[in-house]
Each structure stands twice: as structure tokens, then as C-alpha cells.
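The figures here come from the full heavy-atom set of this structure, side chains too, leaving out hydrogens, waters and symmetry mates. The shown structure was predicted, so the numbers you read here are calculated from the model rather than taken from an experiment.
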Amino acid sequence: MGVKGFVEGGIASIIAGASTHPLDLIKVRIQLQGESHLPNPAMQPAFRPALAFTSATTSMPSTFCAPAPQPPRVGPVSLGLRIAQTEGVKALFSGVSATILRQTLYSTTRMGLYDILKRKWADPESGNLPLPRKLAAGLVAGGVGAAVGNPADVAMVRMQADGRLPIHQRRNYKSVIDAIREMLKHEGITSLWRGSSLTVNRAMIVTASQLASYDQMKEVILEKGIMNDGIGTHVVASFGAGFVAAVASNPIDVIKTRVMNMKVEAGATAPYSGALDCAMKTVRAEGPMALYKGFVPTISRQGPFTVVLFVTLEKVRELLKDF
């Protein structure tokens, strides 16, 4: 039964990840907006402003009379259209190979481990698992899965973000394997686990909130007799789980994306010394609401992803029930 849980979770996760990849790419691009160390910020589209603690003029050198003119603001839909027009529709699937590898490593591990812990920690008589134990199972499964899948996560973020850089500064990874090989060659093995503490923390929060809330919502719907155990129940419970996961994880996701994407030149000081430094610089420069940058595409992606994930998972379970 343990191996079966890994297989079922892996199949469902790969299908969900690949089908919602463009939404994830748009989310990553938005989360990277506003970074002060960009080579040419004027080239980057501006997004809905966050509440900044300090104005741009307080930290501007005296040699400048006024801030550079800002480009028009665009939202997730406009950004998606812009990417398709300027980089081609294919660009919306940049890094999809890394997404597939990430889901194979990370999600297969967390889904399978969660299933094992859920069975092990369930009440032996009733078979029910209290919500606190579901959350604990999600925290453990998410943390282990994230540690396993971090190299693919770093590669995915970089491949998704590459198109926003000037052409001469792009990494131009050909595939996830090429990305990992280049990181090993130029930045060392530690680069594959850059931002791993953030990845683990985010994964623990996402897995605990997503899997536990899905199971809990599904149980409540069935116990109250609101709906029968079918696709309607699965869609409602999974969309609710996706919303909970998006609200809980977005701040960590923003910091994780920026730390993983930062470019560290030889002999130069890294833009961020760590997760806390990135969070502080982000809030000081862009305001506290910057931690919820990309929330609309996050929920737009997390909702469909979670729905596809759990609906597919339930169908895969039906197909494999005799194995």
C-alpha cells in the first residue's frame, strides 16, 4: 500500500503540474518584480504597487533629480499575453521539464509519505484521523519531499524567470538536466540546495494546509450529506484546499523565488545573504504587501492545480484499486 500511494500521488502531481505550468510561470515573473538589484529595472513591467515604508527619493543619490519613468502597470493576464507576444507561446512552458522533474521528486515523495503517515496515525477502530494529526503528517511529508526535490525547484524558477532578463544575461538552459549541470559547473553543488530552508518551510505549510484541508473538507461534506462522494465533492474540497494553501504559503513563496533566482557573480556580494535578509529588503523597499505579490496568479494556479491534482488522484485510485 505504501508504494501504491507514491505511484498514485506521482501520476496525479505530474499531470497537475504540467497542465498548470503557464500559470506558475506568470506567478514567478510577478514575484520577481521590484527587485532593486536588477540590471535595468526600467525594462521590467510594473505591477500593482505595495505599501512601501520609504519613498524612492529617500535612498536616491543626490546626483539624480528624479526617479526614472516607470513603465505601464500590467496584471497577470496582460503579462501572459505580453510573454506570448514577445517571447512566443512556447515561452509560457519554459521550465516545464523542471516542473515534471520537481513533481516526480517532490510531490511523489510528499503524497506517498502523507498517505503512509495518514494510515499509520489513524484511529485503529474508526479509521479516522483527527485534523491535528493530518496537519502533522502534512508537515513531515512536505518537509521531506521538498528536501528531495530542491534541485529541480531551483532549476524551474531560473528557467521560468530567464525571459525577463536582458538577452546577454540570460542563462539559456536547454533543459532541467542542462540547468543542473551548469549550476554544478559554475556555482557548485550547494547551488542546487539554494533556498532549501525556504523550500522546506513552504512545502511543509503547503502540504499541511493543502492535503489536510482537502481531507477535512471532503469528510465534512460527506458526513453532513451535502454532496455524494463524486467529482463534485472532489472539486469543491480541492478548490477550498487550494485557496487555503495559497493564503498560507504566498509570503514564503515570494522570498523563495527571489533567493533561488538571484545571480551571484564571482567576487561580488550576493543580493541577499539569506531568507531573512531577502524578506527585510523586500518589505523595506516595496512594503509588506510585496510578500503577497503574485497572489492572484498564485490562487489562479493553486486552485486549478489542486483541483486537477485531487480529481486525478481520485480517478487514479479507482483505476489502481485492484492492484
inquiry  = Run the salt bridge (charged side-chain N to carboxylate O under 4.0 Å, His left out) test against D162 and tell me which residues pass, sequence neighbours left out.
reply    = none
Under the ring-ring contact (aromatic ring centres under 6.0 Å, His included) test, residues paired with F305 that sit two or more places apart = none
task = Under the salt bridge (charged side-chain N to carboxylate O under 4.0 Å, His left out) rule, collect the residues that match up with E187, sequence neighbours excluded.
result = R158, R194
key: Cluster overlap L184 with I177, hydrophobic side-chain contacts below 4.5 Å   = yes
request  = Just jot down the salt bridge (charged side-chain N to carboxylate O under 4.0 Å, His left out) partners of R181, sequence neighbours excluded, or say none.
outcome  = D178
key: Any residue meeting side chain to side chain donor-acceptor pair (under 3.5 Å) with S13, in chain and number order, not counting sequence neighbours   = none
query = Is a donor on one side and an acceptor on the other found under 3.5 Å between the side chain of T207 and the backbone of M204?
reply = no
ask   = Do other residues, nucleotides or ligands put more than 12 heavy atoms under 6.0 Å from the CG atom of D123?
value = yes
query = With no hydrogens and no angle check, is any side-chain donor or acceptor of T233 less than 3.5 Å from a backbone partner on N228?
reply = yes
request  = Could you list the residues that satisfy salt bridge (charged side-chain N to carboxylate O under 4.0 Å, His left out) with D229, not counting sequence neighbours?
outcome  = none
query = For the residue pair A248 and P251, what are the closest heavy atoms and their distance?
reply = O-CD, 4.2 Å
message = Less than 4.5 Å apart, side chain to side chain, heavy atoms only: is that true for V236 and I226?
response = no
request  = Check whether any side-chain heavy atom of S94 sits under 4.5 Å from a side-chain heavy atom of L25, and report yes or no.
outcome  = yes
query = Which residues satisfy the side chain to side chain donor-acceptor pair (under 3.5 Å) test with T282, sequence neighbours excluded?
reply = R258
key: For the student: nearest non-hydrogen atoms of V308 and S19, plus distance   = CG1-OG, 4.0 Å
query = Between N201 (side chain) and S197 (backbone), is there a donor-acceptor pair under 3.5 Å?
reply = yes
note = Across all chains, not counting sequence neighbours, the side chain to side chain donor-acceptor pair (under 3.5 Å) partners of E8 are none
message = I'd like to check the ring-ring contact (aromatic ring centres under 6.0 Å, His included) partners of F295; sequence neighbours left out, ordered by chain and number.
response = Y292
task = Answer yes or no: is there a side-chain heavy-atom contact under 4.5 Å between D215 and Y114?
result = yes
request  = Might you confirm whether atom CD1 of I231 has over 12 heavy atoms from other residues, nucleotides or ligands at distances under 6.0 Å?
outcome  = no
query = Is the shortest heavy-atom distance from the side chain of E219 to the side chain of K134 under 4.5 Å?
reply = yes
key: L319, CG atom: more than 12 neighbouring heavy atoms under 6.0 Å   = yes
inquiry  = If I compare all heavy atoms of P76 with all of I26, which pair ends up nearest, and what's the gap?
reply    = O-CG2, 3.8 Å
task = Provide the closest heavy-atom pair for D277 versus Y272 in the form atom of the first, atom of the second, distance.
result = OD2-CA, 3.3 Å
request  = Check whether any side-chain heavy atom of R171 sits under 4.5 Å from a side-chain heavy atom of H186, and report yes or no.
outcome  = no
inquiry  = Going by side chain to side chain donor-acceptor pair (under 3.5 Å), name the pairs with one or both residues in residues 243-255, residues two or more places apart or in two chains.
reply    = K27-D253, Q31-D253, R202-D253, N250-T298
Any side-chain heavy-atom pair of T312 and V316 under 4.5 Å = yes
Which side-chain N or O atoms in residues 138-157 pair as donor and acceptor under 3.5 Å with protein atoms at least two apart or in another chain?
from : atom 1 : to   : atom 2 : distance (Å)
N150 : OD1    : T199 : OG1    : 2.7
N150 : ND2    : L192 : O      : 2.9
D153 : OD1    : R102 : NE     : 3.2
D153 : OD2    : R102 : NE     : 3.4

ask   = Does some side-chain heavy atom of R29 sit less than 4.5 Å from a side-chain heavy atom of Q160?
value = no
inquiry  = Could you work out, with side chain to side chain donor-acceptor pair (under 3.5 Å) as the rule, every residue matching T99, not counting sequence neighbours?
reply    = H21
ask   = Any donor and acceptor pair, going by atom type alone, linking the side chain of K281 with main-chain N or O of P271 inside 3.5 Å?
value = yes
